[in-house]
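For the numbers below, each heavy atom of this structure counts, side chains included, while hydrogens, waters and symmetry mates do not.
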Amino acid sequence: TLTECEGAFGAFQKICEDSSDQLETLPGANGTKALDTLIPLFMQYFKHSSSKIRSCALACINQFIINLPPALLENLGNFVQGLTLLASDDDPEVRKNVCRALVMLLEVRVDHLA
């Protein structure tokens, strides 16, 4: 159900907030890192009908911007496209997370915003 999905994303958001360093080194399937799967997965939810899920998905990725792990760097173009889409979101919490992402990107990779 939608409530369960929103709850799961809320939990993911807390895990990303509390354990971003561990997630960056956590092994994934077939010799990859867990973030190689999670970052693209979170970006898929930028278009979800629930604003809570969109906001949580973006907040999850925001936890990794400053350290810019390879999984995010490889998907940075798609991430910036997603930010463009979410910048005009109806939900103010989604837009706040877009602003947070842009500020952090300005600190670490201003070249991707030009």
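In this structure, CG in D21 is found 10.5 Å from CD in Q63, a value given to the nearest 0.5 Å.
Contacts of C99 classified as side chain to side chain contact (heavy atoms under 4.5 Å, CB included), with partners at least two apart in sequence or in another chain: none. Evaluation of the ring-ring contact (aromatic ring centres under 6.0 Å, His included) rule for F46 yields no partner, not counting sequence neighbours. Residues passing the ring-ring contact (aromatic ring centres under 6.0 Å, His included) test with F42 are F12, sequence neighbours excluded. T1 pairs by the side chain to side chain contact (heavy atoms under 4.5 Å, CB included) definition with T3, E4, not counting sequence neighbours.
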Name the atoms and distances for all side-chain donor-acceptor pairs under 3.5 Å in residues 77-85, with sequence neighbours left out.
| unit_1 | atom_1 | unit_2 | atom_2 | d |
| --- | --- | --- | --- | --- |
| T84 | OG1 | V80 | O | 3.0 |

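For the pair F64 and P69, the tightest heavy-atom approach, listed with the atom from each and the gap, is O-CD, 3.1 Å. The heavy-atom pair separating I65 from L72 by the smallest distance is CA-CD2, 3.8 Å. Residues A101 and N62 come closest through the heavy atom pair CB-OD1, 3.1 Å.
A side-chain hydrogen bond (donor to acceptor under 3.5 Å, both in side chains) check over residues 89-101, counting only residues at least two apart or in different chains, returns the pairs S51-D91, R54-D89, S55-N97, N97-R100. Listed by first and then second residue, the salt bridge (charged side-chain N to carboxylate O under 4.0 Å, His left out) pairs that reach into residues 60-85 come to none, sequence neighbours excluded. Listed by first then second residue, pairs satisfying side-chain hydrogen bond (donor to acceptor under 3.5 Å, both in side chains) with a partner in residues 23-45 read E24-N67, not counting sequence neighbours. Counting only residues at least two apart or on different chains, the side-chain hydrogen bond (donor to acceptor under 3.5 Å, both in side chains) pairs with a member in residues 6-19 are E6-S50, Q13-E17.
Between L2 and H48, some side-chain heavy-atom pair lies under the 4.5 Å cut-off. A 4.5 Å side-chain heavy-atom check between I61 and L38 finds every atom pair outside the cut-off.
The hydrophobic cluster containing L76 does not contain V103, counting ILVMFWY residues as joined when their side-chain heavy atoms lie under 4.5 angstrom apart, directly or transitively. Under the 4.5 Å side-chain heavy-atom criterion for Ile, Leu, Val, Met, Phe, Trp and Tyr, L26 and I15 are members of the same hydrophobic cluster. Cluster annotation: L41 and L35 are assigned to the same hydrophobic cluster (Ile/Leu/Val/Met/Phe/Trp/Tyr, side-chain heavy-atom contacts under 4.5 Å, transitive).
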